[in-house]
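Below, read A as the first sequence line, B as the second, and so on, with proteins coming before strands; counting in each chain starts at 1.
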Amino acid sequence: MSSPPTEGTFRERVLALVARIPPGRVMTYGQLALLAGQPGAARQAGYVMNALMDGDSGLPWQRVINAQGRVSTHKLGFGDLQEGLLRAEGVEFGASGRCDLARWQWWPGGEAHSPPTRLR
DNA sequence: AGTTTGACCTACG
DNA sequence: TCGTAGGCCAAAC
C-alpha cells in the first residue's frame, strides 16, 4: 500500500500533480518527479512543463518552481510573469527573487505533513 | 535503435 | 552568494 502511482505516463502523472497545487502554494520539479515515482527525473518534469506553453492547458504552471525557490521561466523570455502571478496569489519573494520553500512548498496527500505553522 | 535535448538538482570552489 | 561541472532520466528527432 502507499505505493507510488504507476498508472499512465510520467507526463500524465506530473500534470495530475500540478493540477492539484492549491493557489498560493508551489511545488518543485524534483518534488514532482519524486511524487510521480521517478526520483531524479526533475529535468523531465521541466520538459513536461515546457510543453504546456505550447497551448493553454488550463493548469497552474506558475506554481512550479525550482529547488532554489526561484522561477525558471525568466530564461525563456517570459520575464517576471511567473513571479508576478505567484505574488498575486500571496507568495512572497525576497529581494533576490527567492521564496522560502519551507513556507510555500505544498505537499499533496495530507496537510498534516508540513503545516506552514503560522502565516504571521 | 541511438543520439540529443532540457522551465533541473546537487556538489564544489 | 555566484558561477561552473557533472549527473540524472523521460521524451523528441
Side-chain angles (χ1 to χ4, degrees):
Chain A
M1 313 295 281
S2 316
S3 57
T6 54
E7 298 179 17
T9 65
F10 176 79
R11 173 173 155 294
E12 283 289 325
R13 286 177 262 173
V14 169
L15 294 180
L17 286 167
V18 173
R20 292 169 54 188
I21 306 177
R25 288 300 189 111
V26 296
M27 287 182 79
T28 67
Y29 303 96
Q31 182 187 7
L32 287 173
L34 177 66
L35 297 177
Q38 299 298 335
R43 302 193 70 175
Q44 280 51 263
Y47 182 84
V48 171
M49 297 307 295
N50 188 14
L52 297 182
M53 313 313 287
D54 195 28
D56 184 15
S57 60
L59 294 175
W61 59 270
Q62 59 213 38
R63 293 166 194 159
V64 182
I65 63 178
N66 59 33
Q68 298 177 346
R70 309 185 74 177
V71 300
S72 299
T73 51
H74 52 79
K75 302 192 279 188
L76 301 176
F78 284 87
D80 300 339
L81 173 62
Q82 183 177 12
E83 183 176 333
L85 290 173
L86 287 176
R87 282 186 174 181
E89 294 185 354
V91 180
E92 299 176 3
F93 285 85
S96 54
R98 231 173 65 171
C99 73
D100 187 2
L101 286 179
R103 178 177 176 181
W104 302 107
Q105 186 174 21
W106 177 76
W107 292 85
E111 287 73 11
H113 196 284
S114 61
T117 57
R118 71 198 84 176
L119 294 180
R120 194 118 54 111

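- With distances taken from any side-chain atom of A:Arg43 to the nucleotides C:dA11, C:dG7, B:dA7, the minimum falls on C:dG7.
- To the nearest angstrom, P of B:dA7 lies 15 Å from CG of A:Leu15.
- Remark: of the listed residues A:Leu85, A:Leu86, A:Val18, A:Leu86 is the sole one forming a side-chain contact (heavy atoms from CB on, under 4.5 Å) with A:Arg63.
- Considering only side-chain N and O atoms, A:Gln38 lies nowhere under 4.0 angstrom from the phosphate OP1 or OP2 of C:dC9.
- Closest contact between the side chain of A:Ala41 and the listed nucleotides C:dC9, B:dA7, C:dT1 involves C:dC9.
- Of the possible donor and acceptor atoms, none in the side chain of A:Glu89 sits under 3.5 Å from a partner among the backbone N and O of A:Pro22.
- Counting only distance, with no hydrogens or angles, the side chain of A:Gln105 and the backbone of A:Gly69 share no donor-acceptor pair below 3.5 Å.
- For the pair A:Ala45 and A:Leu32, the tightest heavy-atom approach, listed with the atom from each and the gap, is CB-CB, 4.3 Å.
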Please tabulate, one pair per line, each protein N/O and nucleotide N/O from nucleotides 3-5 of chain B that are separated by under 3.5 Å, including the distance.
none

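- Distance CZ (A:Phe10) to P (C:dA12): 13 Å, rounded to an integer number of Å.
- Heavy-atom neighbours of A:Asp80 CG from other residues, nucleotides or ligands within 6.0 Å: at or below the threshold of 12.
- If you take CG of A:Asn50 and P of C:dA12, they are 12 Å apart, rounded to a whole angstrom.
- A straight line from CZ of A:Arg13 to P of C:dA11 spans 8 Å, rounded to a whole angstrom.
- When heavy atoms are screened at a 4.0 angstrom cut-off, A:Val71 is found touching no nucleic acid atom at all.
- For the pair A:Gln62 and A:Gln82, the tightest heavy-atom approach, listed with the atom from each and the gap, is O-NE2, 2.9 Å.
- Within 4.0 Å of A:Ser96, counting heavy atoms only, lies no atom of the nucleic acid at all.
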Check nucleotides 9-13 of chain B against the protein and report each pair of N or O atoms closer than 3.5 Å, with its distance, or say if there are none.
{"residue": "B:dC9", "atom": "OP1", "partner": "A:Ala67", "partner atom": "N", "Å": "3.0"}
{"residue": "B:dC9", "atom": "OP2", "partner": "A:Ala67", "partner atom": "N", "Å": "3.0"}

